[in-house]
Amino acid sequence: MTDIYDVIIAGAGPAGGQAARDLASRGYDVCVLETESEDEFPSRSNKSTAGTFPSTMASFNIPDEVVMNFTDDVVLESPNNYFRRHQPGAVLQFADFKNWLVDEARADGAEYRFGARVSKPIMEGGEIVGVRYNGDEEIRGDIIIDATGPAAPLAKALDVCNLEREKQAIGIEFEYEGMDMNPDGHADLTDTMMLRLDHDIAPGGYSWIFHTGEDTAKVGVCYIQNEGHRRNAQSGFTIDDYLQYWVDTDPRFENAKRIEGVQHRGSAHIQLPDRMSTDNFMAIGDTVPTVDPLWGEGIDKCMRSGRMAAATADRALTNSERDTSASELAIYDKLWHDRVAPKVKNRLFMTEMLYRASNERYDALMEDLHRTPEDRLNAANGGSPLAMLRMLKFEDFSILLSTAKDWFAN
């Protein structure tokens with residue numbers, strides 16, 4: 001088994017798996033290092049709600065076999081109101097999806113080493129030339145990609161992405177059976193993906209119910225240690241306490257039971273990245289700080305970042321002299337800002353403002369969304385400052401000013 005590759009990828013999640021898939025299909029020698037054992041994969045890393053849309057399914061040829069349920073609409077909820085939008089989607093069985101990526105890459109020749117915990121880079125002449133894993137085992141390659149998620153041992157060691165980890169997002173998700181998807185006084189959540197803004201359930205964050213068929217659903221809560229959380233958090237409450245409070249107070253859970261053995265926990269960090277590459281190295285997926293946790297649709301972002309990294313590596317490695325310098329791999333940074341997360345600053349600013357609003361403002365927001373033309377809503381979601389400003393009310397300008405003050409201070 002060779003220990004020298006064209007590309008080494010740390011992490012077998014959606015970003016790492018897609019990068020491996022694309023590069024292997026182009027004939028490169030690729031090795032993926034994954035912490036979990038093959039028998040368990042994916043278990044601890046199985047932490048995604050796995051909701052996605054037709055554009056992602058088609059762009060990456062994701063098969064129907066990994067879909068738990070096809071949905072018709074997206075619903076936004078507030079404590080006392082809701083907004084429904086027709087937006088077909090798919091809720092994936094995340095474990096099946098990740099294993100499909102492994103099978104696809106392996107079929108094209110990629111090598112996977114499971115039970116391989118990456119610890120630190122191998123450096124020569126100030127540049128990364130390989131990876132040390134499982135203590136003293138080594139592997140070398142022309143390009144190294146860190147797709148390990150928030151741990152990001154290689155990105156941290158190379159001081160890539162400015163990983164200060166200032167605003168941590170903490171999430172938990174269970175799967176339930178016996179759900180009432182259409183109780184009186186609530187939106188009908190049959191074949192929908194629902195996101196709820198409610199500081200009583202997720203202070204400074206959001207919660208969700210994704211219908212997975214019949215009377216089952218994925219149910220989760222995510223809060224972010226931001227201003228909204230500091231102002232609205234319940235003393236002593238853990239993420240589990242917030243989810244249990246929701247289950248105890250919402251009629252949709254009256255006869256519901258948790259499906260044993262199915263739980264997803266995870267964390268991420270909300271911040272603007274700076275550079276995402278250097279000599280012989282790129283950081284992709286959740287290793288790059290999370291973007292737009294409410295609107296960003298993480299699977300698509302991870303898959304696209306993997307694809308852009310593969311395209312960058314392909315360009316660097318097809319050069320007659322294999323130019324993997326920082327200047328050459330910086331193309332990935334440009335592609336990320338242009339095609340993975342365009343207008344990222346505007347969208348992240350909008351998300352921060354949203355989490356600072358009150359529950360009463362969330363109720364009013366649902367009414368506003370009913371009156372907002374679809375093109376303006378799409379533009380605001382896409383980061384248009386004008387469209388965002390046109391959705392503000394007079395009382396929102398205090399939130400705008402406080403958010404801007406914190407951004408400039410930091």
[Y] backbone acceptor or donor facing [X] side chain under 3.5 Å:
X	Y	result
N232	G228	yes
R196	I209	no
T148	A152	yes
N346	P385	no
D73	M193	no
Y242	Q234	yes
D146	L154	yes
S119	R132	yes

| query | Yes or no on salt bridge (Lys or Arg N to Asp or Glu O under 4.0 Å) for D215 and K257, after CA distance, side-chain angles and deciding distance? | reply | CA-CA 10 Å; D215 66 349; K257 295 182 180 180; over 6 Å; no
| task | Check the pair D279, S325 against side-chain hydrogen bond (donor to acceptor under 3.5 Å, both in side chains), reporting the backbone distance first and the verdict last. | result | CA-CA 4 Å; D279 295 302; S325 64; 5.1 Å; no
| task | Would you please test S277 and D333 for side-chain hydrogen bond (donor to acceptor under 3.5 Å, both in side chains) and show each step? | result | CA-CA 7 Å; S277 61; D333 295 54; 2.6 Å; yes
If you measure from the Lys or Arg side-chain nitrogens to the Asp or Glu carboxylate oxygens, is any gap between [X] and [Y] under 4.0 Å?
X	Y	answer
D72	R84	no
R376	E374	no
R315	E328	yes

About how many Å separate [atom2] of [Y] and [atom1] of [X], when rounded to the nearest 0.5 Å?
X	Y	atom1	atom2	answer
D323	T318	CG	OG1	10.5 Å
E173	F210	CD	CZ	8.0 Å
Q168	I170	CD	CD1	4.5 Å
L369	Y82	CG	OH	13.5 Å
N226	R231	CG	CZ	8.5 Å
M350	E352	CE	CD	12.0 Å

| field | I145 vs I8 side-chain heavy atoms within contact, under 4.5 Å | value | no
| said: Is any side-chain heavy atom of M57 closer than 4.5 Å to one of V67? | reply: yes
| field | Verdict with reasoning, E65 to Q93, per side-chain contact (heavy atoms from CB on, under 4.5 Å) | value | CA-CA 9 Å; E65 287 75 14; Q93 213 303 338; over 6 Å; no
| query | Between Y5 and D142, is a side-chain hydrogen bond (donor to acceptor under 3.5 Å, both in side chains) present by the stated rule, with each step listed? | reply | CA-CA 7 Å; Y5 294 84; D142 289 336; over 6 Å; no
With no hydrogens and no angle check, just 3.5 Å: does a side-chain donor-acceptor pair link [X] and [Y]?
X	Y	result
D191	N69	yes
T190	D188	yes
S25	D108	no

Would you please name every residue forming a side-chain contact (heavy atoms from CB on, under 4.5 Å) with [X], sequence neighbours left out?
X	value
A12	V32, E34, F41, Y112
T312	M282, L329, I331, Y332, L335
N81	S78, D363, M366, E367
T238	D240, D241

| request: Could you walk me through whether K98 and E38 pass the salt bridge (Lys or Arg N to Asp or Glu O under 4.0 Å) test, one step at a time? | output: CA-CA 12 Å; K98 290 176 75 172; E38 188 163 9; over 6 Å; no
| note | In I128, I139, V129, V131, the residue satisfying side chain to side chain contact (heavy atoms under 4.5 Å, CB included) with I122 is V129
Contact summary for [X] and [Y], nearest pair of heavy atoms:
X	Y	answer
S59	R304	OG-NH2, 3.6 Å
M388	A380	CG-O, 3.9 Å
P42	N99	CD-ND2, 3.5 Å
R21	L101	CD-CD2, 4.2 Å
I9	A20	CD1-N, 3.5 Å
V91	T71	CG2-CG2, 4.0 Å

| query | Does anything in residues 385-394 pair up under side-chain hydrogen bond (donor to acceptor under 3.5 Å, both in side chains), and if so which pairs, sequence neighbours excluded? | reply |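 Matches after skipping sequence neighbours: D368-K393.
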| field | Candidate pair R85 and F83, rule side-chain contact (heavy atoms from CB on, under 4.5 Å), full reasoning | value | CA-CA 7 Å; R85 181 179 184 181; F83 168 73; 3.9 Å; yes
| message | So for atom CD, which belongs to E214, do other residues, nucleotides or ligands contribute more than 12 heavy atoms lying within a distance under 6.0 Å? | response |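 12 or below, so no.
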| query | Does atom CD of E395 have more than 12 heavy-atom neighbours, drawn from other residues, nucleotides or ligands, at distances under 6.0 Å? | reply |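 Count over threshold, so yes.
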| task | Using the six-membered ring wherever Trp is involved, compare the ring planes of Y223 and H229 and label them parallel, tilted or perpendicular (cut-offs 30° and 60°). | result | parallel
| message | The test is side-chain contact (heavy atoms from CB on, under 4.5 Å); show your working for R275 and V160 and say whether it passes. | response | CA-CA 6 Å; R275 62 178 183 141; V160 170; 4.2 Å; yes
| message | Measuring centre to centre across the rings, with the benzene-like ring taken for any Trp, is Y362 within less than 6.0 Å of H199? | response |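 Centroid distance Y362-H199: below 6.0 Å, so yes.
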| message | For a side-chain contact (heavy atoms from CB on, under 4.5 Å) check, start with the C-alpha distance between F114 and V102, then their side-chain angles and the critical distance, and finish with the verdict. | response | CA-CA 11 Å; F114 289 92; V102 173; 4.3 Å; yes
| Partner residues of F174 under the ring-ring contact (aromatic ring centres under 6.0 Å, His included) criterion, sequence neighbours left out |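 So F174 forms no ring-ring contact (aromatic ring centres under 6.0 Å, His included) with any residue.
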| Would R252 and E77 count as a salt bridge (Lys or Arg N to Asp or Glu O under 4.0 Å) if you check the C-alpha gap in whole Å, the side-chain angles of each, and the deciding distance to 0.1 Å? | CA-CA 14 Å; R252 289 172 285 210; E77 270 194 2; 2.7 Å; yes
| query | How far apart are the C-alpha atoms of R322 and D6, what are their side-chain angles, what is the distance that settles it, and do they pass the salt bridge (Lys or Arg N to Asp or Glu O under 4.0 Å) test? | reply | CA-CA 10 Å; R322 287 204 161 201; D6 295 319; 2.8 Å; yes
